[in-house]
Amino acid sequence: MVPLSHPARAELDDASPFLRCLASDPIQLELGRIDPIEMWGLVATAALGRLQGPGPLRVELDRHARSVQFAHAVGLREVIEGRQPAQAAEPGRTVPLERIVRTASTERSADQISRLLAPEPDAEDTRRTLYYVLNELFRNVVQHSQDPLGGVVGAQVNRGGRNVARPLVQVAVVDCGVGIPTSLQSRHTQLTDARAALDKALWPHISSAFDEGETGSAQNAGMGLFFISEMTKLVGGRLLIASRGASLLLEADQNFDNPHGSRQFLDRGVEFPGTLVAFEMPAFEQNAYDSMIEVIRERARERTPRRAVHKWLCFDAPPTSVRRFLVRHAQVEDAEAAMGFAKSKLEPSLFRREPVALDFAGISACTQSYVHALLYEPLRMAWALKVPVYVMNAQPGVRSTLELLEHYALGG
Ligand SMILES: Nc1ncnc2c1ncn2[C@@H]1O[C@H](COP(=O)(O)OP(=O)(O)O)[C@@H](O)[C@H]1O
Ligand SMILES: [Mg+2]
(Lines give C-alpha, C1' and ligand atoms only; values in the text may rest on other atoms or scores of the structure.)
(Ligands and ions follow the chains in the order given, each with its own letter.)
Protein backbone atom coordinates (compact mmCIF):
# COMPACT_ATOMS: atom_id res chain seq x y z
CA MET A 1 0.00 0.00 0.00
CA VAL A 2 1.35 3.38 -0.99
CA PRO A 3 1.15 6.05 1.71
CA LEU A 4 -1.08 9.02 0.93
CA SER A 5 1.89 11.37 1.07
CA HIS A 6 3.73 9.61 -1.75
CA PRO A 7 5.71 12.32 -3.58
CA ALA A 8 4.61 13.24 -7.08
CA ARG A 9 7.98 14.51 -8.25
CA ALA A 10 11.60 14.85 -7.19
CA GLU A 11 12.99 18.21 -8.24
CA LEU A 12 15.32 20.66 -6.54
CA ASP A 13 12.52 23.24 -6.67
CA ASP A 14 10.67 21.34 -4.01
CA ALA A 15 12.80 18.53 -2.67
CA SER A 16 11.02 18.13 0.66
CA PRO A 17 8.22 15.67 -0.23
CA PHE A 18 10.65 13.20 -1.78
CA LEU A 19 13.12 13.55 1.11
CA ARG A 20 10.30 13.06 3.61
CA CYS A 21 9.31 9.88 1.84
CA LEU A 22 12.89 8.59 2.00
CA ALA A 23 12.96 9.30 5.73
CA SER A 24 9.91 7.14 6.44
CA ASP A 25 10.29 3.60 7.66
CA PRO A 26 9.78 1.40 5.79
CA ILE A 27 10.23 3.36 2.60
CA GLN A 28 7.80 2.45 -0.12
CA LEU A 29 8.64 4.10 -3.36
CA GLU A 30 6.59 3.68 -6.49
CA LEU A 31 9.05 5.17 -8.87
CA GLY A 32 6.53 5.16 -11.71
CA ARG A 33 4.36 7.62 -9.82
CA ILE A 34 7.14 10.15 -9.52
CA ASP A 35 7.47 12.31 -12.61
CA PRO A 36 9.76 14.01 -13.17
CA ILE A 37 12.49 12.55 -11.04
CA GLU A 38 15.81 14.33 -11.24
CA MET A 39 19.10 12.49 -11.06
CA TRP A 40 19.63 13.19 -7.36
CA GLY A 41 16.40 11.32 -6.61
CA LEU A 42 17.69 8.22 -8.35
CA VAL A 43 21.12 8.48 -6.74
CA ALA A 44 19.50 8.72 -3.30
CA THR A 45 17.26 5.75 -4.08
CA ALA A 46 20.22 3.68 -5.25
CA ALA A 47 22.31 4.57 -2.20
CA LEU A 48 19.53 3.58 0.20
CA GLY A 49 18.66 0.51 -1.83
CA ARG A 50 22.14 -0.90 -1.28
CA LEU A 51 21.18 -1.67 2.28
CA GLN A 52 19.28 -4.69 0.89
CA GLY A 53 18.05 -7.71 2.77
CA PRO A 54 15.24 -6.83 5.12
CA GLY A 55 16.28 -3.19 4.56
CA PRO A 56 13.79 -0.40 4.79
CA LEU A 57 13.55 0.47 1.07
CA ARG A 58 11.11 -1.09 -1.36
CA VAL A 59 11.25 0.29 -4.87
CA GLU A 60 8.62 -0.59 -7.42
CA LEU A 61 10.28 -0.63 -10.79
CA ASP A 62 7.91 -2.54 -12.99
CA ARG A 63 5.71 0.16 -14.39
CA HIS A 64 6.25 1.46 -17.89
CA ALA A 65 6.51 5.00 -16.71
CA ARG A 66 9.06 7.53 -17.90
CA SER A 67 10.87 7.72 -14.60
CA VAL A 68 11.21 3.94 -14.42
CA GLN A 69 12.67 3.91 -17.90
CA PHE A 70 15.06 6.64 -16.85
CA ALA A 71 16.04 4.58 -13.82
CA HIS A 72 16.70 1.55 -16.04
CA ALA A 73 18.69 3.66 -18.48
CA VAL A 74 21.10 4.78 -15.78
CA GLY A 75 21.48 1.36 -14.15
CA LEU A 76 19.55 1.82 -10.90
CA ARG A 77 18.94 -1.88 -10.44
CA GLU A 78 22.54 -2.81 -11.16
CA VAL A 79 23.91 -0.34 -8.66
CA ILE A 80 21.45 -1.48 -6.01
CA GLU A 81 22.55 -5.06 -6.59
CA GLY A 82 26.22 -4.14 -6.65
CA ARG A 83 26.75 -4.94 -10.32
CA GLN A 84 28.46 -2.83 -12.93
CA PRO A 85 25.80 -1.08 -15.05
CA ALA A 86 25.86 -2.36 -18.63
CA GLN A 87 24.31 0.89 -19.81
CA ALA A 88 26.67 3.12 -21.74
CA ALA A 89 27.04 6.78 -21.00
CA GLU A 90 25.56 9.19 -23.49
CA PRO A 91 28.06 12.02 -23.66
CA GLY A 92 26.38 15.34 -23.07
CA ARG A 93 23.28 13.60 -21.70
CA THR A 94 23.53 10.91 -19.04
CA VAL A 95 26.21 9.15 -17.05
CA PRO A 96 25.14 5.84 -15.50
CA LEU A 97 25.05 5.56 -11.75
CA GLU A 98 28.22 4.32 -10.18
CA ARG A 99 29.30 3.27 -6.72
CA ILE A 100 32.14 5.22 -5.17
CA VAL A 101 34.27 2.61 -3.53
CA ARG A 102 36.23 3.85 -0.57
CA THR A 103 39.56 2.72 -1.90
CA ALA A 104 39.16 3.86 -5.51
CA SER A 105 40.94 6.87 -6.94
CA THR A 106 38.53 9.76 -6.77
CA GLU A 107 40.37 11.73 -9.47
CA ARG A 108 39.77 9.19 -12.22
CA SER A 109 36.01 9.02 -11.76
CA ALA A 110 35.75 12.79 -11.38
CA ASP A 111 37.71 13.23 -14.59
CA GLN A 112 35.67 10.71 -16.57
CA ILE A 113 32.31 12.00 -15.45
CA SER A 114 33.15 15.67 -16.02
CA ARG A 115 34.33 14.84 -19.56
CA LEU A 116 31.13 12.94 -20.30
CA LEU A 117 28.97 15.78 -19.02
CA ALA A 118 30.77 18.55 -20.88
CA PRO A 119 32.35 16.89 -23.92
CA GLU A 120 32.42 19.98 -26.15
CA PRO A 121 35.94 21.26 -26.81
CA ASP A 122 34.96 24.77 -25.74
CA ALA A 123 33.43 23.60 -22.44
CA GLU A 124 36.75 23.50 -20.60
CA ASP A 125 35.64 25.80 -17.78
CA THR A 126 32.46 23.84 -17.13
CA ARG A 127 34.47 20.63 -17.17
CA ARG A 128 36.95 21.93 -14.63
CA THR A 129 34.16 23.17 -12.37
CA LEU A 130 32.44 19.79 -12.46
CA TYR A 131 35.71 17.99 -11.88
CA TYR A 132 36.36 20.08 -8.79
CA VAL A 133 32.88 19.53 -7.37
CA LEU A 134 32.84 15.78 -8.00
CA ASN A 135 36.34 15.19 -6.72
CA GLU A 136 35.71 17.07 -3.47
CA LEU A 137 32.42 15.26 -2.90
CA PHE A 138 34.04 11.87 -3.57
CA ARG A 139 36.83 12.69 -1.16
CA ASN A 140 34.30 13.60 1.48
CA VAL A 141 32.54 10.25 1.07
CA VAL A 142 35.85 8.45 1.41
CA GLN A 143 37.23 10.56 4.24
CA HIS A 144 34.23 11.44 6.34
CA SER A 145 31.10 9.38 5.67
CA GLN A 146 32.09 6.15 7.44
CA ASP A 147 29.64 4.39 5.14
CA PRO A 148 31.23 0.95 4.67
CA LEU A 149 29.68 0.77 1.20
CA GLY A 150 31.03 4.18 0.16
CA GLY A 151 28.67 6.29 -1.91
CA VAL A 152 26.84 6.55 -5.22
CA VAL A 153 27.21 9.15 -7.95
CA GLY A 154 24.99 9.98 -10.90
CA ALA A 155 24.93 12.81 -13.39
CA GLN A 156 22.94 14.12 -16.30
CA VAL A 157 22.44 17.08 -18.56
CA ASN A 158 18.81 17.84 -17.95
CA ARG A 159 17.17 19.12 -21.13
CA GLY A 160 13.65 18.07 -20.21
CA GLY A 161 10.54 20.11 -19.49
CA ARG A 162 11.26 23.68 -18.63
CA ASN A 163 14.99 23.14 -19.18
CA VAL A 164 14.75 22.78 -22.97
CA ALA A 165 15.90 26.34 -23.55
CA ARG A 166 18.50 26.30 -20.79
CA PRO A 167 19.85 22.80 -20.15
CA LEU A 168 21.27 22.14 -16.70
CA VAL A 169 24.09 19.87 -15.65
CA GLN A 170 23.08 18.02 -12.52
CA VAL A 171 25.36 15.84 -10.45
CA ALA A 172 24.62 14.09 -7.18
CA VAL A 173 26.76 12.24 -4.68
CA VAL A 174 25.08 10.33 -1.87
CA ASP A 175 26.23 8.17 1.02
CA CYS A 176 24.39 6.59 3.94
CA GLY A 177 27.01 7.42 6.53
CA VAL A 178 27.17 9.42 9.74
CA GLY A 179 26.11 12.72 8.14
CA ILE A 180 27.76 16.12 8.13
CA PRO A 181 26.47 17.42 11.49
CA THR A 182 27.65 14.35 13.41
CA SER A 183 31.00 14.39 11.69
CA LEU A 184 31.57 18.05 12.49
CA GLN A 185 30.19 17.81 16.01
CA SER A 186 32.79 15.21 16.84
CA ARG A 187 35.42 17.93 16.41
CA HIS A 188 33.45 21.08 17.26
CA THR A 189 31.63 20.09 20.40
CA GLN A 190 29.96 23.48 20.72
CA LEU A 191 27.94 22.76 17.57
CA THR A 192 25.07 21.02 19.26
CA ASP A 193 22.43 21.98 16.69
CA ALA A 194 22.43 20.10 13.36
CA ARG A 195 21.53 23.24 11.39
CA ALA A 196 24.35 25.21 12.95
CA ALA A 197 26.73 22.39 12.13
CA LEU A 198 25.58 22.20 8.51
CA ASP A 199 25.93 25.96 8.22
CA LYS A 200 29.44 25.75 9.63
CA ALA A 201 30.41 23.05 7.13
CA LEU A 202 30.11 25.65 4.38
CA TRP A 203 32.66 27.94 6.01
CA PRO A 204 36.27 27.95 4.91
CA HIS A 205 38.87 26.08 6.93
CA ILE A 206 36.60 23.61 8.64
CA SER A 207 38.84 20.63 9.02
CA SER A 208 40.37 18.58 11.76
CA ALA A 209 43.86 19.75 10.85
CA PHE A 210 42.84 23.36 11.32
CA ASP A 211 41.39 22.69 14.74
CA GLU A 212 44.78 21.66 15.93
CA GLY A 213 46.32 24.94 14.98
CA GLU A 214 47.44 24.23 11.44
CA THR A 215 46.08 25.72 8.28
CA GLY A 216 45.47 22.23 6.92
CA SER A 217 47.33 20.68 4.06
CA ALA A 218 46.78 22.05 0.60
CA GLN A 219 44.80 18.90 -0.09
CA ASN A 220 42.53 19.02 2.89
CA ALA A 221 42.06 22.45 4.32
CA GLY A 222 38.35 22.33 5.03
CA MET A 223 37.71 24.13 1.77
CA GLY A 224 35.71 21.58 -0.24
CA LEU A 225 32.17 22.52 0.69
CA PHE A 226 33.05 26.19 0.96
CA PHE A 227 34.40 26.22 -2.60
CA ILE A 228 31.45 24.24 -3.90
CA SER A 229 28.96 26.60 -2.32
CA GLU A 230 30.78 29.66 -3.66
CA MET A 231 30.97 28.09 -7.11
CA THR A 232 27.24 27.50 -6.98
CA LYS A 233 26.70 31.23 -6.57
CA LEU A 234 29.21 32.24 -9.20
CA VAL A 235 27.97 29.90 -11.94
CA GLY A 236 24.30 30.66 -11.34
CA GLY A 237 23.58 27.21 -9.96
CA ARG A 238 21.85 25.47 -7.10
CA LEU A 239 23.09 23.23 -4.32
CA LEU A 240 21.05 20.89 -2.17
CA ILE A 241 22.68 19.39 0.90
CA ALA A 242 20.52 17.00 2.88
CA SER A 243 22.01 15.23 5.84
CA ARG A 244 21.09 13.80 9.20
CA GLY A 245 19.20 16.43 11.17
CA ALA A 246 19.23 19.28 8.65
CA SER A 247 19.00 20.12 4.96
CA LEU A 248 19.53 23.28 2.98
CA LEU A 249 19.15 24.65 -0.50
CA LEU A 250 21.49 27.30 -1.81
CA GLU A 251 20.46 29.18 -4.92
CA ALA A 252 22.42 31.73 -6.88
CA ASP A 253 20.73 35.02 -7.53
CA GLN A 254 19.70 34.71 -11.17
CA ASN A 255 20.61 38.33 -11.89
CA PHE A 256 23.77 38.07 -9.78
CA ASP A 257 22.56 41.12 -7.85
CA ASN A 258 23.19 39.39 -4.57
CA PRO A 259 26.63 37.73 -4.59
CA HIS A 260 25.62 35.56 -1.66
CA GLY A 261 22.57 34.08 -3.35
CA SER A 262 19.86 32.78 -1.10
CA ARG A 263 20.26 29.98 1.37
CA GLN A 264 17.35 28.30 3.01
CA PHE A 265 17.13 25.49 5.46
CA LEU A 266 14.40 23.05 4.52
CA ASP A 267 11.76 22.38 7.15
CA ARG A 268 12.85 20.63 10.30
CA GLY A 269 12.39 16.92 9.85
CA VAL A 270 13.38 17.09 6.17
CA GLU A 271 16.65 15.23 6.22
CA PHE A 272 18.55 12.34 4.73
CA PRO A 273 19.93 9.27 6.52
CA GLY A 274 23.49 9.98 5.40
CA THR A 275 24.68 12.80 3.17
CA LEU A 276 23.07 13.81 -0.11
CA VAL A 277 24.63 16.58 -2.18
CA ALA A 278 23.11 17.69 -5.48
CA PHE A 279 24.87 20.36 -7.54
CA GLU A 280 23.39 22.00 -10.60
CA MET A 281 24.79 24.50 -13.09
CA PRO A 282 23.77 25.80 -16.51
CA ALA A 283 25.27 23.60 -19.23
CA PHE A 284 26.21 26.22 -21.76
CA GLU A 285 27.21 29.33 -19.91
CA GLN A 286 30.94 29.47 -19.58
CA ASN A 287 32.46 31.00 -16.47
CA ALA A 288 36.19 31.54 -16.57
CA TYR A 289 37.38 28.92 -14.11
CA ASP A 290 40.64 30.53 -13.09
CA SER A 291 39.14 33.90 -12.25
CA MET A 292 36.30 32.18 -10.41
CA ILE A 293 38.84 30.38 -8.21
CA GLU A 294 40.59 33.69 -7.55
CA VAL A 295 37.32 35.29 -6.44
CA ILE A 296 36.62 32.38 -4.11
CA ARG A 297 40.11 32.50 -2.63
CA GLU A 298 39.58 36.18 -1.91
CA ARG A 299 36.24 35.41 -0.23
CA ALA A 300 37.96 32.72 1.83
CA ARG A 301 40.52 35.23 3.03
CA GLU A 302 37.76 37.62 4.04
CA ARG A 303 35.88 34.97 5.96
CA THR A 304 38.78 33.23 7.61
CA PRO A 305 38.83 33.85 11.32
CA ARG A 306 42.18 35.22 12.44
CA ARG A 307 43.80 33.59 15.36
CA ALA A 308 43.54 35.58 18.57
CA VAL A 309 47.31 35.98 18.46
CA HIS A 310 48.75 36.25 15.04
CA LYS A 311 51.48 38.68 15.85
CA TRP A 312 54.39 36.94 17.41
CA LEU A 313 57.44 38.85 16.22
CA CYS A 314 58.41 41.45 18.74
CA PHE A 315 60.08 44.60 17.45
CA ASP A 316 60.89 45.93 20.94
CA ALA A 317 64.37 45.66 22.42
CA PRO A 318 64.93 42.18 23.90
CA PRO A 319 66.01 41.59 27.48
CA THR A 320 69.80 41.33 27.66
CA SER A 321 69.61 37.65 28.56
CA VAL A 322 68.16 36.75 25.14
CA ARG A 323 70.56 35.15 22.71
CA ARG A 324 71.28 37.36 19.70
CA PHE A 325 71.80 36.09 16.18
CA LEU A 326 73.28 38.38 13.60
CA VAL A 327 71.51 37.93 10.28
CA ARG A 328 74.37 38.38 7.92
CA HIS A 329 74.80 36.16 4.97
CA ALA A 330 77.24 36.79 2.16
CA GLN A 331 74.18 37.48 0.07
CA VAL A 332 70.87 38.45 1.58
CA GLU A 333 69.22 36.50 -1.24
CA ASP A 334 70.80 33.20 -0.34
CA ALA A 335 67.70 31.26 0.68
CA GLU A 336 69.59 28.03 1.07
CA ALA A 337 72.00 29.55 3.56
CA ALA A 338 69.05 31.11 5.39
CA MET A 339 67.35 27.76 5.69
CA GLY A 340 70.53 26.15 6.96
CA PHE A 341 70.81 28.89 9.55
CA ALA A 342 67.21 28.32 10.61
CA LYS A 343 67.71 24.59 10.99
CA SER A 344 71.09 24.67 12.73
CA LYS A 345 70.71 27.72 14.94
CA LEU A 346 67.18 29.05 15.38
CA GLU A 347 65.12 25.89 15.58
CA PRO A 348 67.30 24.13 18.18
CA SER A 349 67.10 27.20 20.46
CA LEU A 350 63.37 27.49 20.07
CA PHE A 351 62.97 23.80 20.61
CA ARG A 352 64.75 24.23 23.95
CA ARG A 353 62.25 27.05 24.57
CA GLU A 354 64.97 29.68 24.60
CA PRO A 355 63.86 33.07 23.16
CA VAL A 356 65.89 34.38 20.22
CA ALA A 357 66.69 37.85 18.89
CA LEU A 358 67.45 38.38 15.20
CA ASP A 359 69.61 41.37 14.43
CA PHE A 360 69.14 42.78 10.91
CA ALA A 361 71.75 45.55 11.32
CA GLY A 362 73.20 46.64 7.99
CA ILE A 363 70.44 45.08 5.85
CA SER A 364 68.19 47.60 4.14
CA ALA A 365 65.88 45.22 2.30
CA CYS A 366 65.46 41.51 1.68
CA THR A 367 63.23 39.36 -0.48
CA GLN A 368 60.20 37.45 0.64
CA SER A 369 61.78 34.14 -0.30
CA TYR A 370 64.83 34.85 1.82
CA VAL A 371 62.70 35.76 4.82
CA HIS A 372 60.50 32.76 4.18
CA ALA A 373 63.49 30.43 4.20
CA LEU A 374 64.85 32.08 7.31
CA LEU A 375 61.75 32.32 9.45
CA TYR A 376 58.67 30.51 8.20
CA GLU A 377 59.30 27.30 10.12
CA PRO A 378 61.01 28.86 13.15
CA LEU A 379 58.18 31.37 13.56
CA ARG A 380 55.46 28.73 13.44
CA MET A 381 57.45 26.67 15.90
CA ALA A 382 57.96 29.66 18.19
CA TRP A 383 54.25 30.46 18.07
CA ALA A 384 53.29 26.87 18.85
CA LEU A 385 55.74 26.63 21.76
CA LYS A 386 55.05 30.19 22.90
CA VAL A 387 58.73 31.20 22.78
CA PRO A 388 59.37 34.91 22.04
CA VAL A 389 61.16 35.95 18.82
CA TYR A 390 62.66 39.45 18.85
CA VAL A 391 63.68 41.46 15.81
CA MET A 392 66.32 44.19 16.14
CA ASN A 393 67.49 46.94 13.83
CA ALA A 394 64.93 46.16 11.14
CA GLN A 395 64.71 48.95 8.58
CA PRO A 396 61.26 49.65 7.09
CA GLY A 397 61.79 47.44 4.00
CA VAL A 398 62.86 44.53 6.16
CA ARG A 399 60.11 45.04 8.68
CA SER A 400 57.30 45.04 6.12
CA THR A 401 58.67 41.84 4.57
CA LEU A 402 58.76 40.22 7.99
CA GLU A 403 55.24 41.36 8.79
CA LEU A 404 53.87 39.87 5.59
CA LEU A 405 55.58 36.58 6.38
CA GLU A 406 54.12 36.64 9.87
CA HIS A 407 50.68 37.33 8.45
CA TYR A 408 50.60 34.21 6.32
CA ALA A 409 52.71 31.98 8.55
CA LEU A 410 50.45 32.54 11.54
CA GLY A 411 47.27 33.76 9.88
CA GLY A 412 44.29 31.47 9.48
N1 LIG B 1 29.93 12.88 3.15
C2 LIG B 1 30.17 13.35 4.37
N3 LIG B 1 29.88 12.60 5.47
C4 LIG B 1 30.14 13.06 6.71
N5 LIG B 1 30.68 14.27 6.97
C6 LIG B 1 31.00 15.06 5.94
C7 LIG B 1 30.77 14.65 4.59
N8 LIG B 1 31.18 15.67 3.77
C9 LIG B 1 31.64 16.64 4.58
N10 LIG B 1 31.55 16.29 5.88
C11 LIG B 1 31.93 17.11 7.06
O12 LIG B 1 32.00 18.45 6.64
C13 LIG B 1 33.32 18.97 6.88
C14 LIG B 1 33.70 19.97 5.81
O15 LIG B 1 33.96 19.33 4.58
P16 LIG B 1 34.95 20.02 3.55
O17 LIG B 1 34.52 21.43 3.37
O18 LIG B 1 35.01 19.17 2.32
O19 LIG B 1 36.35 20.03 4.31
P20 LIG B 1 37.40 18.84 4.61
O21 LIG B 1 36.93 17.64 3.85
O22 LIG B 1 38.71 19.35 4.12
O23 LIG B 1 37.38 18.65 6.09
C24 LIG B 1 34.21 17.74 6.93
O25 LIG B 1 35.38 18.00 7.69
C26 LIG B 1 33.29 16.72 7.57
O27 LIG B 1 33.27 16.86 8.98
MG1 LIG C 1 36.49 17.73 1.86
[X] side chain vs [Y] backbone, donor-acceptor pair below 3.5 Å:
{"X": "Arg127", "Y": "Ser114", "value": "no"}
{"X": "Trp312", "Y": "Val387", "value": "yes"}
{"X": "Gln170", "Y": "Met39", "value": "no"}
{"X": "Thr232", "Y": "Arg238", "value": "no"}
{"X": "Arg99", "Y": "Val79", "value": "yes"}
{"X": "Arg33", "Y": "His6", "value": "no"}
{"X": "Arg380", "Y": "Glu377", "value": "no"}
{"X": "Glu271", "Y": "Gly245", "value": "yes"}
{"X": "Arg244", "Y": "Pro273", "value": "yes"}
{"X": "Asn158", "Y": "Leu168", "value": "no"}

Crowding at [atom1], [X] (>12 non-hydrogen neighbours, <6.0 Å):
{"X": "Gln84", "atom1": "CD", "answer": "no"}
{"X": "Gln190", "atom1": "CD", "answer": "yes"}
{"X": "Arg20", "atom1": "CZ", "answer": "yes"}
{"X": "Glu336", "atom1": "CD", "answer": "no"}
{"X": "Phe284", "atom1": "CZ", "answer": "yes"}
{"X": "Arg108", "atom1": "CZ", "answer": "no"}

Do the non-hydrogen side-chain atoms of [X] and [Y] ever get within less than 4.5 Å of each other?
{"X": "Leu31", "Y": "Val68", "value": "yes"}
{"X": "Arg323", "Y": "Pro355", "value": "no"}
{"X": "Glu98", "Y": "Ile100", "value": "no"}
{"X": "Arg299", "Y": "Phe227", "value": "no"}
{"X": "Val371", "Y": "Val398", "value": "no"}
{"X": "Leu130", "Y": "Ile113", "value": "no"}
{"X": "Ile241", "Y": "Leu202", "value": "yes"}
{"X": "Asp334", "Y": "Phe341", "value": "no"}

State the [atom1]-[atom2] distance between [X] and [Y], to the nearest 0.5 angstrom.
{"X": "Leu402", "Y": "Leu358", "atom1": "CG", "atom2": "CG", "value": "8.0 Å"}
{"X": "Thr182", "Y": "Leu191", "atom1": "OG1", "atom2": "CG", "value": "11.5 Å"}
{"X": "Gln146", "Y": "His144", "atom1": "CD", "atom2": "NE2", "value": "10.5 Å"}
{"X": "Ser183", "Y": "His188", "atom1": "OG", "atom2": "NE2", "value": "9.0 Å"}
{"X": "Leu12", "Y": "Leu240", "atom1": "CG", "atom2": "CG", "value": "6.0 Å"}
{"X": "Asp111", "Y": "Arg128", "atom1": "CG", "atom2": "CZ", "value": "12.5 Å"}

Between [X] and [Y], which heavy-atom pair has the shortest distance, and what is it?
{"X": "Pro167", "Y": "Arg159", "answer": "CB-CG, 3.9 Å"}
{"X": "Ser344", "Y": "Pro348", "answer": "O-CG, 3.4 Å"}
{"X": "Ser145", "Y": "Val141", "answer": "OG-O, 2.7 Å"}
{"X": "Tyr132", "Y": "Met223", "answer": "OH-O, 4.1 Å"}
{"X": "Ala15", "Y": "Trp40", "answer": "CB-CH2, 3.6 Å"}
{"X": "Ser349", "Y": "Val356", "answer": "CB-CG1, 3.7 Å"}

Would Glu406 and Trp383 count as a side chain to side chain contact (heavy atoms under 4.5 Å, CB included) if you check the C-alpha gap in whole Å, the side-chain angles of each, and the deciding distance to 0.1 Å? CA-CA 10 Å; Glu406 176 171 50; Trp383 183 82; over 6 Å; no

Say whether Asn135 and Thr106, considering side chains only, have a donor N or O and an acceptor N or O under 3.5 Å apart. yes

Establish, from distance only, whether the side-chain atoms of Gln185 and Thr192 form a donor-acceptor pair under 3.5 Å. no

Could you go through the side chain to side chain contact (heavy atoms under 4.5 Å, CB included) check for Arg115 and Tyr131 one step at a time? CA-CA 8 Å; Arg115 281 174 199 282; Tyr131 173 86; over 6 Å; no

[X] bridged to [Y] by N-O distance under 4.0 Å:
{"X": "Arg166", "Y": "Glu285", "value": "yes"}
{"X": "Arg195", "Y": "Asp199", "value": "no"}
{"X": "Arg268", "Y": "Asp193", "value": "yes"}

Check each of Val169, Leu234, Leu239 against Met281 using the side chain to side chain contact (heavy atoms under 4.5 Å, CB included) test, and report the only one that passes. Val169

Pick out which of Val235, Thr129, Thr126 makes a side chain to side chain contact (heavy atoms under 4.5 Å, CB included) with Tyr289. Thr129

Between Phe18 and Leu29, is the side chain to side chain contact (heavy atoms under 4.5 Å, CB included) condition met? List the steps. CA-CA 9 Å; Phe18 186 72; Leu29 210 55; 4.0 Å; yes

Please evaluate residues Leu350 and Val389 with respect to the criterion side chain to side chain contact (heavy atoms under 4.5 Å, CB included), reporting the C-alpha separation (whole Å), side-chain torsions for both, the decisive distance (0.1 Å), and the verdict. CA-CA 9 Å; Leu350 295 167; Val389 176; 4.2 Å; yes

